[in-house]
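Everything below concerns the one structure shown next.
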Amino acid sequence: NAGVMQNPRHLVRRRGQEARLRCSPMKGHSHVYWYRQLPEEGLKFMVYLQKENIIDESGMPKERFSAEFPKEGPSILRIQQVVRGDSAAYFCASSPPSGGGYTFGSGTRLTVV
Amino acid sequence: AQSVTQPDIHITVSEGASLELRCNYSYGATPYLFWYVQSPGQGLQLLLKYFSGDTLVQGIKGFEAEFKRSQSSFNLRKPSVHWSDAAEYFCAVDPYSSASKIIFGSGTRLSIRP
């Protein structure tokens with residue numbers, strides 16, 4: 001019974017490239033959340049998705065960032081034209097439809113050089 | 001404004017001593033409440049959670065937390081810390097008590113003095 005799987009664990013991109021971060025929720029979990037953690041800071045909510053729907057994207061930057069959770073396959077957080085300030089740890093969490101049981105993945109650490 | 005506050009940025013305690021980490025929230029209704037722990041370079045592990053019922057919640061690794069409605073607090077405690085407890089601790093709130101987003105406090109870094 002695997003937990004929340006995130007890959008890659010580490011990702012290095014040059015400025016201007018695209019970053020794709022993947023998250024496979026726990027079995028039976030239909031809700032996915034993405035959070036960003038800047039160095040020495042807490043976690044900031046980015047987006048909440050259900051299958052094929054974005055429920056709350058109030059924490060997403062207006063430009064360059066997008067997220068999806070297709071009917072089949074993992075959730076994807078996509079960052080276009082990355083800049084140094086995008087360097088952070090990105091965490092995914094999932095929960096069942098009833099809520100209250102959030103499980104986090106190990107995160108993807110993005111470094112922009 | 002709605003928020004989760006962890007007033008202590010960094011705490012150092014001696015091994016074997018007791019620990020209390022503070023957390024206050026400012027949401028109108030009683031939200032779902034959580035404590036997570038994060039070791040350096042790692043993900044977050046759930047220590048305990050409160051939804052309703054008994055206000056004293058037992059968690060893993062010997063931790064407990066007490067919900068106090070009158071103080072809007074959910075403080076984390078441990079009677080005797082171990083060196084392996086050194087980590088970052090985050091209080092978190094689901095303000096709508098549902099499968100909505102959860103909001104994290106800024107964290108408290110715990111160091112253990114040998």
Side-chain angles (χ1 to χ4, degrees), chain A residues 2-7 9-10 21 23 25-26 28-51 53-60 67 69 88-111, chain B residues 1-10 21 23-25 27 29-53 57 59-60 67 74 87-111:
Chain A
V4 177
M5 304 301 293
Q6 287 189 252
N7 63 82
R9 288 294 303 274
H10 300 275
L21 288 64
C23 169
M26 281 189 69
H29 286 193
S30 57
H31 299 194
V32 166
Y33 314 79
W34 286 93
Y35 289 79
R36 177 165 63 176
Q37 185 178 34
L38 294 170
E40 306 298 321
E41 293 188 16
L43 282 83
K44 302 299 183 186
F45 169 79
M46 300 181 75
V47 63
Y48 161 36
L49 310 103
Q50 296 177 19
K51 284 284 187 181
N53 283 303
I54 296 175
I55 307 302
D56 181 350
E57 57 181 347
S58 58
M60 286 281 271
F69 189 16
Y90 293 82
F91 290 95
C92 170
S94 71
S95 74
S98 56
Y102 304 89
T103 303
F104 278 84
S106 298
T108 293
R109 281 150 184 84
L110 172 65
T111 302
Chain B
Q2 297 180 327
S3 65
V4 181
T5 302
Q6 294 182 246
D8 303 306
I9 296 174
H10 187 197
L21 302 182
C23 174
N24 294 91
Y25 63 92
Y27 294 93
T30 299
Y32 290 168
L33 299 160
F34 308 84
W35 274 99
Y36 285 87
V37 61
Q38 183 182 34
S39 297
Q42 301 298 312
L44 284 83
Q45 182 180 24
L46 179 66
L47 287 175
L48 47 79
K49 58 188 176 184
Y50 173 78
F51 292 166
S52 66
V57 181
I60 61 171
F67 168 60
F74 190 55
E88 189 90 18
Y89 291 80
F90 293 97
C91 178
V93 169
D94 176 349
Y96 306 110
S97 303
S98 67
S100 65
K101 65 189 178 189
I102 59 174
I103 309 300
F104 283 84
S106 54
T108 297
R109 181 179 301 174
L110 175 65
S111 297

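Each chain gets a letter, A, B and so on, in the order the sequences are listed, and its residues count up from 1.
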Requested in this report: Below 4.5 Å from any heavy atom of chain A, which atoms of B/Gln45 appear? Answer side chain, backbone, both or neither.
Outcome: neither
Query raised in the report: Nearest 0.5 Å, what's the NZ-CD1 distance between A/Lys44 and B/Ile103?
Result: 9.0 Å
**Report entry** Heavy-atom pair with the smallest gap, counting every atom of A/Phe45 and B/Ile102
**Finding:** CB-O, 4.5 Å
Query raised in the report: Do B/Lys101 and A/Tyr35 have side chains that get closer than 4.5 Å, going by heavy atoms?
Result: yes
Query - Derivation of the side-chain contact (heavy atoms from CB on, under 4.5 Å) call for A/Leu43 and B/Phe90 - result: CA-CA 9 Å; A/Leu43 282 83; B/Phe90 293 97; 4.3 Å; yes
Query raised in the report: Can you say whether A/Gln37 sits under 4.5 Å from chain B via the side chain, the backbone, both, or neither, judging by heavy atoms?
Result: side chain
Query raised in the report: More than 12 foreign heavy atoms under 6.0 Å from CD1 of B/Ile9: is that the case here?
Result: no
**Report entry** Ring center gap for B/Tyr36 and A/Phe104 short of 6.0 angstrom
**Finding:** yes
Query raised in the report: Using the benzene-type ring in the case of Trp, are the ring centres of B/Phe104 and A/Tyr33 under 6.0 Å apart?
Result: no
Query raised in the report: What are the two closest non-hydrogen atoms of B/Gln42 and A/Phe91, and how far apart are they?
Result: O-CZ, 3.7 Å
Query raised in the report: What do you reckon, is CZ of B/Arg109 surrounded by more than 12 foreign heavy atoms closer than 6.0 Å?
Result: no
